[in-house]
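Below is one structure, written out as structure tokens, with a few remarks after it.
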Amino acid sequence: MPPWLLVVGLGNLPHPNTRHSIGHVIVDVLAARFGIHRSINRSVGGFKGRSDVLSFSDDIVSLTLFKPKLLMNITGPSVVSALHNTVKLPASMVVIHDSLDHKVKVLSVKLEGSANRHNGVWSVIDALGANADFYRFRIGIGQDRAVDPANYVLPDMPLDGLLHWNGVGLDRVCHELGRIASRNRTI
């Protein structure tokens, strides 16, 4: 049986296609690329869909995509509910979120550690009882230090950013998901 990963995209449904909702954007693009139909799942509070067998590079994986309905800063309980209803182990979960600390279009993979001032990640860690033993795909959105962060993350993402995460950026996401699946084969 192939490794099973839960991929969670953090974002705010009222603000689609913004820098702050890049996690939602990437989950939507993954669903489109692999033909994964998602539907509202009231028991976990978001949109969920699953594919039993996908190929990432040389790795076969079973993938569940989850896009929480709650606002990002309070999304932890619904993410943990999705985790408990799917893969069970935090190490089999990947949370995709925006990062002001990384340059635009950069994907930084992290396992464990602090939330680094990201309230959505903090909410997930808190809902897991301070367990941070999950993967994070920190998506660089850069930072304009002359602008208040809230005013920077909420406008629509520039078109070149959306196109990047629909193309070469998504290829990198898929490559990293394959690497995690390969590591989780032994779990």
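The first residue in the sequence is number 1, and the count goes up from there.
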**Asked** So Val61 and Leu177, side-chain contact (heavy atoms from CB on, under 4.5 Å) or not? Walk me through it.
**Response** CA-CA 9 Å; Val61 63; Leu177 288 172; over 6 Å; no
**Prompt:** Between Asp98 and Met72, is any pair of side-chain heavy atoms under 4.5 Å apart?
**Reply:** yes
**Message:** Restricting to non-hydrogen atoms, name the atom on Ser55 and the atom on Ile60 that form the minimum distance, rounded to 0.1 Å.
**Reply:** CB-CD1, 3.9 Å
**Greater than 12 external heavy atoms within 6.0 Å of Lys103's NZ** = no
**Request:** Considering only NZ, NE, NH1 and NH2 on the basic side and carboxylate oxygens on the acidic side, decide whether Asp101 and Arg117 come within less than 4.0 Å.
**Result:** yes
**Request:** Taking all non-hydrogen atoms of both residues into account, name the closest pair between Ser78 and Leu70 and its distance.
**Result:** OG-CD1, 4.1 Å
**Minimal non-hydrogen separation, Asn73 against Gly120, with atom names** = OD1-N, 3.8 Å
**Request:** Apply the test side-chain contact (heavy atoms from CB on, under 4.5 Å) to residues Asn166 and Arg33: give CA-CA distance (whole Å), side-chain angles for both, the deciding distance (0.1 Å), then the verdict.
**Result:** CA-CA 9 Å; Asn166 270 280; Arg33 179 176 280 190; over 6 Å; no
**Prompt:** Going by heavy atoms in the side chains, are Thr18 and Asn12 under 4.5 Å from each other?
**Reply:** no
**Item:** Set of ring-ring contact (aromatic ring centres under 6.0 Å, His included) partners for His97, sequence neighbours left out
**Value:** His118
**Item:** hydrophobic_cluster_shared for Val95 and Leu83, side chain cutoff 4.5 Å
**Value:** yes
**Message:** If hydrophobic clusters are built from ILVMFWY residues whose side chains come within less than 4.5 Å, do Val104 and Val106 share one?
**Reply:** no
**Prompt:** With the 4.5 Å side-chain cut-off for hydrophobic clustering, are Phe47 and Ile36 part of the same group?
**Reply:** no
**Prompt:** Nearest heavy-atom pair of Tyr152 and Ile141: which atoms, and what distance?
**Reply:** OH-O, 2.5 Å
**Message:** Taking Val173 as the starting point, is it possible to reach Leu162 by hopping between hydrophobic residues whose side chains are less than 4.5 Å apart?
**Reply:** yes
**Request:** Would you sort out whether His15 and Val153 count as a side-chain contact (heavy atoms from CB on, under 4.5 Å), showing the intermediate values?
**Result:** CA-CA 10 Å; His15 304 285; Val153 300; over 6 Å; no
**Message:** Evaluate Arg19 against Asp156 for salt bridge (charged side-chain N to carboxylate O under 4.0 Å, His left out), listing each step before the verdict.
**Reply:** CA-CA 7 Å; Arg19 292 176 178 104; Asp156 284 348; over 6 Å; no
**Complete:** So side-chain hydrogen bond (donor to acceptor under 3.5 Å, both in side chains) across residues 122-141, not counting sequence neighbours, yields Ser108-Arg138
**Prompt:** Does the side chain of His20 come within less than 4.5 Å of Ile22's, by heavy atoms?
**Reply:** no
**Prompt:** Which value, rounded to the nearest 0.5 Å, describes the distance between Leu13 atom CG and Leu71 atom CG?
**Reply:** 8.5 Å
**Asked** Between Val44 and Val94, is there a shared hydrophobic cluster once you connect ILVMFWY residues whose side-chain heavy atoms come closer than 4.5 Å?
**Response** no
**Request:** Side-chain contact test, heavy atoms from C-beta onward, threshold under 4.5 Å: evaluate it for Arg172 versus Val168 and give yes or no.
**Result:** no
**Residue among Val8, Val80, Thr64 satisfying side chain to side chain contact (heavy atoms under 4.5 Å, CB included) with Met93** = Val8
**Asked** Where do Pro90 and Leu128 come nearest, in terms of heavy atoms and distance?
**Response** CG-CD2, 4.4 Å
**Asked** Does any non-hydrogen side-chain atom of Val27 lie less than 4.5 Å from one of Phe66?
**Response** no
**Prompt:** Any side-chain heavy atom of Leu89 sitting closer than 4.5 Å to one from Phe134?
**Reply:** no
Scan the side chains in residues 142-151 for donor-acceptor partners under 3.5 Å anywhere in the protein, sequence neighbours excluded, and list what turns up.
{"from": "Gln143", "atom 1": "OE1", "to": "Arg145", "atom 2": "NH1", "distance (Å)": "3.1"}
{"from": "Asp144", "atom 1": "OD1", "to": "Ala146", "atom 2": "N", "distance (Å)": "3.0"}
{"from": "Asp148", "atom 1": "OD2", "to": "Ala150", "atom 2": "N", "distance (Å)": "3.4"}

**Asked** Is it true that atom NZ of Lys105 has more than 12 heavy atoms of other residues, nucleotides or ligands lying nearer than 6.0 Å?
**Response** yes
**Asn85 side chain near Lys48 side chain, heavy-atom distance below 4.5 Å** = yes
**Message:** Once rounded to the nearest 0.5 Å, what's the spacing between atom OG of Ser21 and atom CD1 of Ile96?
**Reply:** 13.0 Å
**Nearest-0.5 Å distance that lies between atom CG in Leu5 and atom OG in Ser62** = 8.5 Å
**Message:** Does Arg50 qualify as a cation-pi partner of Trp4, given the criterion of NZ or CZ under 6.0 Å from the six-membered ring centre and within 45 degrees of its axis?
**Reply:** yes
**Prompt:** How many angstroms lie between atom CG of Leu30 and atom CH2 of Trp165, to the nearest 0.5 angstrom?
**Reply:** 11.0 Å
**Prompt:** Which value, rounded to the nearest 0.5 Å, describes the distance between His175 atom NE2 and Leu170 atom CG?
**Reply:** 13.5 Å
**Message:** Would you compute the distance between atom CD1 of Ile180 and atom OG of Ser92 and round it to the nearest 0.5 angstrom?
**Reply:** 9.5 Å
**Prompt:** Which atoms form the tightest heavy-atom contact between Met157 and Gly161, and what is the distance?
**Reply:** SD-C, 3.8 Å
**Message:** Within the 4.5 Å heavy-atom criterion, are Ile26 and Ile139 side-chain neighbours or not?
**Reply:** yes
